[in-house]
Amino acid sequence: QVQLVESGGGLVQAGGSLRLSCAASGRTFSSSYMGWFRQPPGKVREFVARISWTGAGTYYADSVKGRFTISRDNAKNMVYLQMNSLNLEDTAVYYCAATGMPTVLASRYSNWGQGTQVTVSS
């Protein structure tokens, strides 16, 4: 089991940047694939990015490709999401999640954080 706590959300102007952090605890973190998801207001949760347990493999949703970067530090049990060139459509609650397989399906992630709000203003 992996316990996850996100931080770093907030209010930012369009075009700005934020870095989200996810602190993980648990014996299996370093062998887990990690993902970031988001849930915009009134919409379903959607995949944003994922990273392999080594950090060598990453995959992004088309909507964030080239703007967001996922990374991890297994020595610190941390996962990050660097978000640049933010736009209004990026407004959402962002969640960190863990899974044992490389997938974009939320249903395949067994451990979730509580989420952190990101609001992009014009």
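None of these values were measured; they are calculated from a predicted model.
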[X]: partners by salt bridge (Lys or Arg N to Asp or Glu O under 4.0 Å), with sequence neighbours left out:
X	result
Arg38	Glu46, Asp90
Lys43	none
Glu89	none
Arg108	none

- Closest non-hydrogen atom pair between Val2 and Ser32, with its separation: CG2-OG, 4.0 Å
- Query: Nearest heavy-atom pair of Ser17 and Ser85: which atoms, and what distance?
  - Reply: OG-N, 4.3 Å
Is it the case that one hydrophobic cluster holds both [X] and [Y], taking links as side-chain heavy atoms less than 4.5 Å apart, direct or via other members?
X	Y	answer
Leu20	Leu86	yes
Val64	Val93	no
Val118	Tyr95	no
Val48	Tyr60	yes
Phe68	Met34	yes

- Item | Heavy-atom side-chain proximity of Tyr33 to Ser52 below 4.5 angstrom |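 They are in contact (side-chain heavy atoms under 4.5 Å apart), so the answer is yes.
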Which side-chain N or O atoms in residues 5-13 pair as donor and acceptor under 3.5 Å with protein atoms at least two apart or in another chain?
from: Glu6; atom 1: OE1; to: Gln114; atom 2: N; distance (Å): 3.0
from: Glu6; atom 1: OE1; to: Gly115; atom 2: N; distance (Å): 2.9
from: Glu6; atom 1: OE2; to: Cys96; atom 2: N; distance (Å): 2.7
from: Glu6; atom 1: OE2; to: Gly115; atom 2: N; distance (Å): 3.4

Spatial distance of atom [atom1] ([X]) from atom [atom2] ([Y]) [nearest 0.5 Å]:
X	Y	atom1	atom2	value
Tyr94	Gln39	OH	CD	12.0 Å
Thr103	Phe47	OG1	CZ	8.5 Å
Asn111	Phe29	CG	CZ	11.5 Å
Thr99	Arg50	OG1	CZ	9.5 Å
Arg72	Cys22	CZ	SG	9.5 Å

- Message: Looking at Val120, is its backbone amide N or carbonyl O close enough to the side chain of Thr91 to form a donor-acceptor pair, meaning the two atoms are under 3.5 Å apart?
- Response: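 Confirmed, Thr91 side chain pairs with Val120 backbone.
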- Query: Any donor-acceptor pair under 3.5 Å linking the side chain of Asn74 with the backbone of Thr54?
  - Reply: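 No; judged by distance alone, with no hydrogens or angles, the pair does not exist.
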- Message: Quick check: Phe37 with Tyr109 (ring centres under 6.0 Å apart)?
- Response: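 Under 6.0 Å, so yes.
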- Item | Neighbour count >12 (heavy atoms, 6.0 Å) for atom CH2, Trp112 |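 Yes, the 6.0 Å shell around CH2 holds more than 12 heavy atoms from other groups.
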Just distance, no hydrogens or angles: give the donor-acceptor pairs under 3.5 Å from side chains in residues 75-82, sequence neighbours left out.
from: Asn77; atom 1: ND2; to: Ala24; atom 2: O; distance (Å): 3.3
from: Gln82; atom 1: NE2; to: Asn84; atom 2: OD1; distance (Å): 2.9

